[in-house]
Amino acid sequence: MNEIKLFSPATVANVSCGFDVMGFCLDNVGDEMVVRKIDKKGIFISRVEGFNLPKEAELNVAGVSALAMYDALDVDFGFEIEIYKNIKPGSGIGSSAASAVGSVFGMNELIGRPFNKTQLTEFALKGEALASKCEHADNLAPALFGGFTLVKSVAPLQILEIPSPDDLYATIIHPQIEIKTSESRAILPNKVPLSKAITQWANLGSLVHALHTSNYDLIKSALTDVVVEPYRSKLIPLFTEVKQASLNAGALGAGISGSGPSIFALSKGLEQANKIKEAMLGVYANSDIDFDIHISKINTEGVKIIA
Ligand code: ADP
């Protein structure tokens with residue numbers, strides 16, 4: 001096997017109370033990539049379609065993560081990468097993470113899987129750092145492992161896989177404005193009052209327990225973010241209205257996806273997810289901002305070979 005085509009999924013990071021540690025994987029939104037073994041040594045990005053992104057390996061997250069892995073190999077061949085982007089960069093649903101993960105996953109498959117998924121995340125972290133100026137794995141881990149993940153620590157890298165209830169769906173609205181991860185980090189406070197920290201870690205612990213026990217009521221009461229959302233939501237037009245409309249339509253919770261501008265809502269069942277879609281649409285239809293809305297079951301598989 002000298003070439004594979006893969007689907008690299010979009011992901012939702014943070015998930016309200018899990019800032020920088022929690023994430024989940026979507027199953028019908030994502031990029032496609034082709035990774036190919038070539039005689040020439042090195043990493044080459046031969047094609048980028050969908051969005052205008054650099055082809056120089058050192059300037060593209062897919063290339064940076066591939067180079068990190070390539071440096072750890074001692075081989076007399078190289079790799080060529082084609083990227084077919086569907087996820088708009090800066091959309092808040094892990095555009096850069098999908099690219100960072102796809103290249104190293106593909107290379108690993110082509111050389112007989114010498115690395116495990118945690119090691120692949122280590123390489124992908126180098127790519128993600130190019131986009132967000134710091135190494136964080138909350139989009140990378142769900143893209144590689146699938147399902148819900150919790151990044152227990154980055155150094156050493158420790159990723160926990162959290163089960164997801166069968167009937168859990170996400171509805172995501174993506175307003176077509178760009179918020180850079182680096183910008184939305186800058187508006188966060190350096191200190192968190194102890195009372196808020198207590199609420200936040202009680203909610204995160206409860207969310208993890210709720211996912212393990214398929215307790216939808218507990219998911220609902222745990223999906224609250226008292227630390228980050230009050231600041232970041234100001235960057236997202238109509239955030240409060242979308243959140244309230246989603247909750248009125250039966251969402252278990254709603255919050256900022258990653259660093260925004262996308263907003264996610266979780267719900268029990270597809271029918272409910274569709275109602276939330278209608279509610280989100282009702283809010284944004286009257287604005288002058290373009291948007292799209294996705295409904296997705298939680299993808300428990302993560303990045304995968306499609307050809
Ligand atoms: P997201 O959360 O959607 O990944 P980020 O702001 O973290 O958004 O990353 C997007 C930034 O990374 C953009 O500035 C983009 O130009 C840069 N970038 C470099 N290579 C890629 C790539 N292959 N895919 C997406 N973004 C990339």
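Order of listing sets the numbers, starting from 1, for every ligand and every atom in it.
Among the atoms of Ile179, none of the N or O lies under 3.5 angstrom from an N or O of ligand 1. The distance criterion of under 3.5 Å between nitrogen or oxygen atoms is met by Asn60 with respect to ligand 1. In terms of N/O distances under 3.5 Å, ligand 1 is not approached by Asn139. Considering backbone and side-chain N/O of Ser99, one or more are found under 3.5 Å from N/O of ligand 1.
Residues Phe123 and Phe115 bring their aromatic ring centres within 6.0 Å.
For atom 3 (O) of ligand 1, the nearest non-hydrogen atom from the set Pro261, Gly90, Ala13, Ser8 comes from Gly90. The heavy atom nearest to atom 20 (N) of ligand 1, considering only Val61, Val48, Asp31, Ile81, is found in Val61.
No hydrogens or angles considered: a donor-acceptor pair under 3.5 Å links the side chains of Gln176 and Asp292. Counted by atom type alone, Asp27 and Ser296 present one or more donor-acceptor pairs between their side chains at under 3.5 Å. Donor-acceptor pairing under 3.5 Å is recorded for the side chains of Glu82 and Tyr84. When only modelled atom types and interatomic distance are considered, Lys275 and Thr171 share no side-chain donor-acceptor pair under 3.5 Å. Between the side chains of Asn248 and Gln244, at least one donor-acceptor pair of N or O atoms lies under 3.5 Å.
Counting heavy atoms under 4.0 Å from ligand 1, residue Lys85 touches it through the side chain alone. Under 4.0 Å from ligand 1, the heavy atoms of Leu53 that appear belong solely to its side chain.
Under a 4.0 Å criterion applied to the non-hydrogen atoms of Ala131, ligand 1 contributes the atoms 7 (O), 9 (O), 11 (C), 12 (O).
Using a 30° and 60° split on the angle between ring planes, Phe79 and Tyr70 fall in the perpendicular class, above 60°.
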